[in-house]
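Presented below is the structure to which this report refers.
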Amino acid sequence: MTWEDSYSIWLNEETLDATLKNQIVSLKNNQEDLKEAFYQPMEFGTAGMRGLMGPGINRMNIYTIRQATEGLARFMDTLDDATKMRGVAISYDSRYQSQEFAMESARVLGVHGIPSFVFESLRPTPELSFAVRHLATYAGIMITASHNPKQYNGYKIYGEDGGQMPPEESDMITGFVREADDLFAIKVGDETALKADKMIQIIGEEVDAAYLAEVKKVTINQKLVDEVGSSMKLVFTPLHGTGKMLGERALKQAGFEQFKIVPEQAEGDPEFPTVKLPNPEDAPAFDLAIKWGRREHADLLIAVDPDADRMGVAVRQADGEYKLLTGNQIAVLMFNYILTASEDAGTLPANAVGVKSIVSTELATKIAEAHHAKMINVLTGFKFIAEQIQSYEETNEHTFMFGFEESYGYLIRPFVRDKDAIQALVMLSEVAAYYKQSDKTLSDGLDDLFKEYGYYAENTKALTFEGIEGVQKIKDLMTIFREDAPKDFAGFKVSKLEDFTTGMAQLADGTSEEIGLPTANALKYILEDGSWIAIRPSGTEPKIKFYVGTQAETDEKAQAKCLAFEEAIMAIVNA
């Protein structure tokens, strides 16, 4: 079927939602946008499906939401009755139509006799992960586009361990989704009737309280928090998303009393009116927090993204200005503290382990080794960290202490199996208190780590290529870096090229070896000086990402190498 055929079906569908019908009509003379909306179905990536809202099979709307949920429901229909009746937990963020998409999902599940447990109002992604485990549901659905612009929404499916659905089950669900190719024939139940029959149950405070009881255990040194944290000044912003209620309660119960929530960004708002991007990785997202930080003389500024799974940080300097830390820097500060404080408390297990993605800083590995702990590398996608945690629980091979990705995602305690910015908010505040007792800032603490382990610098560059042509451009770039692999970058020779598509690494001497990780469309160059460059397409956005990691004896040299590698990469991209 061509995109024109698909467009015609939607245009002539009598039951089509009136708003979507008006949007289609308004696109009548815009062939490019119509083609983008109808040329292919939405695909599941490393974190579900995510895209622009609007009409079409390649857009987020009630019909593609129903189709995705129909796929999940058909998959659950293959399970035994007891498993199926455990049901699905559902949460949603502050975006346009998020609540509607959540209820549409519950209505589809209801037709299949699958119970849904839907949050009464918006809740963070990590609490959805927790709810799956706490309520012992078989699956979870989170309606969110995370840190994307306001025009986007998304849909993530979680497995019974609270992690994002693993590849095997996800592939099966995708197959059932494709079978449900008549989007307008998918049945939905009546919301009122389903609630009366207990097929839709509304959840809220009971799960909140249980989640917060677990967050309370994140604190390692309560005496430190009581003595220092109570007077330490923080500014916290949920960036118009889901983080306010749980973040505020988590800080208070930990013992942090002197914090200010940025009032202009406190409440959920799908317009995200004060920021261009609701992303704590984006420096301008901190503009209002910095304003309030100066007013309050705050030691620390913390921002979480709209679904509260990512956290960014800015630290007050001696001159009163604020410095933003990278995701890698935030991670190593927390990991070092967790290991150090646990050692001091006599609670560090002999089989302690951290887990990080292959594109995250190697400084964390050095810190782990110094504390006689192990660091495990996994593919990008927090579900791979969740898989490791589940394995450790089953085998007792290791005790999980910390997991992170460079993209501002962290997990401290495994009662959640995804990135958790509420946990990170509490832990990072404790780390700041740890340094404050010695009249140091987090920035000073980072300098201490560099002095001890060497200076590390990392950067991520994401190039966006929209539309059909963009998809091909990204494929072409991956082919260039894979098949015409450079022998050096900025004068540093490549000693190894890891191709995660084949699962093999090619060494400079012509030999090869197995990588030992699942397959993925990703490449990683290891250079002769220990620096590395990784390349992968985004699983949820029209982007190709380039990651660079370097080490040197000074910060200036590490940063210079980082810049030189980025320039070498862009020379290839633009050739």
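Checked by atom type, the side-chain pair H134/E206 shows a donor-acceptor distance below 3.5 Å. The closest side-chain donor-acceptor pair between Y96 and E271 falls under 3.5 angstrom. Between the side chains of E405 and S357, not a single donor N or O lies within less than 3.5 Å of an accepting N or O. In summary, the side chains of N58 and E36 do not present any donor paired with an acceptor at a separation below 3.5 Å, with no hydrogens or angles considered. S94 and H240 share no side-chain donor-acceptor pair at under 3.5 Å. Checked by atom type, the side-chain pair Y155/T69 shows a donor-acceptor distance below 3.5 Å.
Test Q253, K252, E127 against L212 for side-chain contact (heavy atoms from CB on, under 4.5 Å) and you get one pass: Q253.
Checked against the 6.0 Å centroid criterion, the rings of F119 and Y92 do not qualify as a close aromatic pair. Centroid-to-centroid, the aromatic rings of F400 and Y392 stay 6.0 Å apart or farther.
In this structure, R413 does not pair ionically with D420, as no charged nitrogen and carboxylate oxygen lie closer than 4.0 Å. The pair R74-E70 meets the salt-bridge criterion, since a charged nitrogen lies less than 4.0 angstrom from a carboxylate oxygen. In summary, E393 and R417 engage in a salt bridge, as defined by a charged side-chain N under 4.0 Å from a carboxylate O. E214 has no carboxylate O lying under 4.0 Å from a charged side-chain N of R133, or vice versa, which leaves the two without a salt bridge.
By the 6.0 Å contact criterion, NZ on K291 is enclosed, its count of non-hydrogen atoms from other residues, nucleotides or ligands being greater than 12. Other residues, nucleotides and ligands contribute more than 12 heavy atoms inside 6.0 Å of the NZ atom of K545. Around the CG atom of D5, the shell of radius 6.0 Å holds more than 12 heavy atoms that belong to other residues, nucleotides or ligands. In this structure, E205 places its CD atom where more than 12 heavy-atom neighbours from other residues, nucleotides or ligands lie under 6.0 Å away.
A distance of 7.0 Å separates CE of M199 from CG of L194, quoted to the nearest 0.5 Å. In this structure, L122 CG and S98 OG are separated by 8.5 Å, a value rounded to the nearest 0.5 Å. Rounded to the nearest 0.5 Å, atoms OG1 (T174) and CG (L72) are 11.0 Å apart. Annotation: the span from R59 atom CZ to T64 atom OG1 amounts to 10.5 Å, rounded to 0.5 Å. Note that CD1 of I302 is 11.5 Å distant from CD1 of I261, once rounded to the nearest 0.5 Å. With rounding to the nearest 0.5 angstrom, the CD1 atom of I62 is 5.0 Å from the CD atom of E104.
Using cut-offs of 30° and 60° for the angle between ring planes, the Y7 and W3 rings count as tilted. By the 30° and 60° cut-offs, the orientation of the rings of F176 relative to F75 is tilted.
Across every non-hydrogen atom of P306 and F272, the tightest pair is CG-CE2, 3.7 Å.
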